[in-house]
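The block underneath contains the structure these notes are about, expressed in structure tokens.
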Amino acid sequence: MMQNRNEKCWCGSGQKYKKCHMEFDEKIKEYELKGHIVPDRYIIKTPMEIDKIKESAVVNTGVLDYVSQNIKAGMSTEDIDKLVYKYTTENGAIPAPLNYEGFPKSCCTSLNNEVCHGIPDENIILKDGDIINVDVSTIKDGYFSDASRMFIIGETTEEARKLVEVTKECLEIGIAQVKPWGHIGDIGAAIQEYAEERGYSVVTMFGGHGIGNEFHEEPFVSHVGRRDTGMLMVPGMVFTIEPMINTGRPQVYVDKKNGWTSYTMDGSLSAQWEHQILVTEDGCEIISF
Ligand code: MF3
Ligand code: CO
């Protein structure tokens with residue numbers, strides 16, 4: 001685990017380990033000895049890896065912007081998928097969902113009472129009043145990025161509009177918790193408190209995740225939880241925060257036929273926003289902007 005003091009640092013800086021990340025590694029070790037869950041080296045990204053992940057995220061953000069310029073009533077969720085595939089491949093990248101564990105399409109499109117992982121379909125047509133999450137993930141030069149946004153089709157109800165807004169605030173509140181030497185549990189605690197105070201519930205079956213060299217890495221980022229619990233956050237970690245918030249109860253079920261689409265158990269509305277976050281020396285950076 002620890003490397004020799006005089007060897008070149010693992011981060012690729014070219015400096016000697018003792019002049020570079022040795023103190024950093026020792027600090028993590030101290031936390032571990034005090035009983036904290038600490039990140040493995042492989043989920044702490046080097047500056048080179050961070051650059052590559054950011055390049056991937058630039059394409060991913062471009063895809064979401066492209067969707068937002070084109071989404072409208074009357075189009076199918078399959079049409080959204082086509083936009084995602086076109087933009088991604090024209091920009092030298094691969095849609096990460098395509099063929100991921102058997103997922104058949106290039107993005108996830110989750111409407112109204114669908115919580116996440118909706119499969120684009122030519123028979124699902126967007127109509128006035130729908131709320132839809134489009135979740136887009138990109139592989140560029142082997143590096144992964146992931147983000148999602150909500151779209152309101154035409155005019156919707158006050159209930160749906162408010163849900164979309166509060167869910168976005170939940171994401172922002174979660175991001176505000178991200179700083180080095182804090183804990184992953186701080187994120188879920190803040191989101192849960194904010195959502196529940198306003199009468200909403202937080203989905204617990206899915207969460208955010210580490211990402212970069214793979215689509216889903218450690219840690220699991222729960223959107224509920226307790227402060228000062230869970231993995232220690234350290235500079236160089238990259239993970240998503242992607243709260244799914246329901247107007248009704250938090251329980252969800254997964255479609256038995258397709259094995260993916262998840263719905264609220266009680267049929268209530270669900271919304272989700274997702275950003276990809278880098279922990280920095282003095283806080284965090286949203287790399288999916
Ligand atoms: N973007 C989703 C996530 O947040 C991806 C789910 S896997 C897929 O993890 F195959 F459905 F795309
Ligand atoms: Co994700």
Side-chain angles (χ1 to χ4, degrees), residues 43 45 53-54 56-57 59-64 67 77-78 80-85 87-89 93-111 114-121 124 132-140 143-151 167-168 170-171 174-175 178 184 187-188 191 202-224 237-245 252-263 270-279 284 286-289:
I43 63 168
K45 276 38 185 181
I53 294 167
K54 284 182 176 174
S56 175
V59 177
N60 204 59
T61 299
V63 179
L64 283 169
V67 169
T77 53
E78 171 76 25
I80 297 172
D81 195 71
K82 290 205 179 98
L83 294 172
V84 169
Y85 185 83
Y87 186 99
T88 307
T89 52
I94 303 166
L98 192 57
N99 302 319
Y100 174 78
E101 294 187 5
F103 192 81
K105 298 287 174 175
S106 296
C107 64
C108 300
T109 49
S110 307
L111 273 139
E114 295 174 356
V115 173
C116 64
H117 302 165
I119 303 178
D121 187 323
I124 302 177
I132 181 172
N133 174 272
V134 180
D135 190 340
V136 166
S137 318
T138 297
I139 314 172
K140 179 133 198 292
Y143 292 87
F144 288 78
S145 52
D146 187 6
S148 80
R149 297 181 196 164
M150 292 299 295
F151 298 97
T167 304
K168 191 174 194 187
C170 283
L171 172 58
I175 293 170
V178 180
I184 287 287
I187 299 167
I191 292 172
V202 181
V203 171
T204 60
M205 192 165 132
F206 304 102
H209 49 93
I211 177 167
N213 301 318
E214 293 168 61
F215 199 166
H216 296 103
E217 301 174 356
E218 278 201 71
F220 176 76
V221 181
S222 175
H223 302 114
V224 299
M237 283 169 74
V238 176
F239 51 81
T240 69
I241 304 178
E242 46 184 301
M244 286 142 274
I245 306 295
V252 310
Y253 70 92
V254 177
D255 188 313
K256 282 220 179 60
K257 280 204 224 93
N258 70 28
W260 284 101
T261 314
S262 91
Y263 304 83
S270 187
Q272 177 179 30
W273 289 84
E274 173 178 19
H275 266 314
Q276 184 171 355
I277 311 298
L278 166 70
V279 184
C284 72
I286 302 173
I287 66 173
S288 47
F289 259 133

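Fair warning: this is a prediction, and the values are worked out from it, not measured in the lab. Whatever order the structure lists them in is the order used to number ligands and atoms, beginning at 1.
Geometry note: the Co ion (ligand 2) is the vertex, E274 OE2 and H209 NE2 are the arms, and the angle is 130° (rounded to 10 degrees).
For the pair I53/L278, no side-chain contact is recorded, criterion being any heavy-atom separation below 4.5 Å from C-beta on. Using a 4.5 Å heavy-atom threshold, the side chains of T109 and D81 count as separate. In this structure, the side chains of M205 and V254 come closer than 4.5 Å at one or more pairs of heavy atoms. In this structure, P120 and I80 have side chains that are not in contact, with every pair of non-hydrogen atoms separated by 4.5 Å or more.
Take the N/O/S atoms of D146: the one nearest the Co ion (ligand 2) is OD2. Taking the N/O/S atoms of E242 in turn, the shortest distance to the Co ion (ligand 2) belongs to OE2.
Within a 6.0 Å radius of CZ in F220, more than 12 heavy atoms belonging to other residues, nucleotides or ligands are found.
Judged by distance alone, the side chains of N60 and T138 do bring a donor and an acceptor atom under 3.5 Å apart.
Using bins of under 30°, 30° to 60° and over 60° for the plane-to-plane angle, the ring pair Y100/W260 lands in the tilted bin.
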May I have every N or O pair linking ligand 1 to the protein at under 3.5 Å, one per line with atom names and distance?
| unit_1 | atom_1 | unit_2 | atom_2 | d |
| --- | --- | --- | --- | --- |
| ligand 1 | 1 (N) | D135 | OD1 | 2.9 |
| ligand 1 | 1 (N) | D135 | OD2 | 3.0 |
| ligand 1 | 1 (N) | S137 | OG | 3.4 |
| ligand 1 | 1 (N) | D146 | OD1 | 3.1 |
| ligand 1 | 4 (O) | D146 | OD2 | 3.3 |
| ligand 1 | 4 (O) | E242 | OE1 | 2.7 |
| ligand 1 | 4 (O) | E242 | OE2 | 3.1 |
| ligand 1 | 9 (O) | H209 | NE2 | 3.3 |
| ligand 1 | 9 (O) | H216 | NE2 | 2.6 |

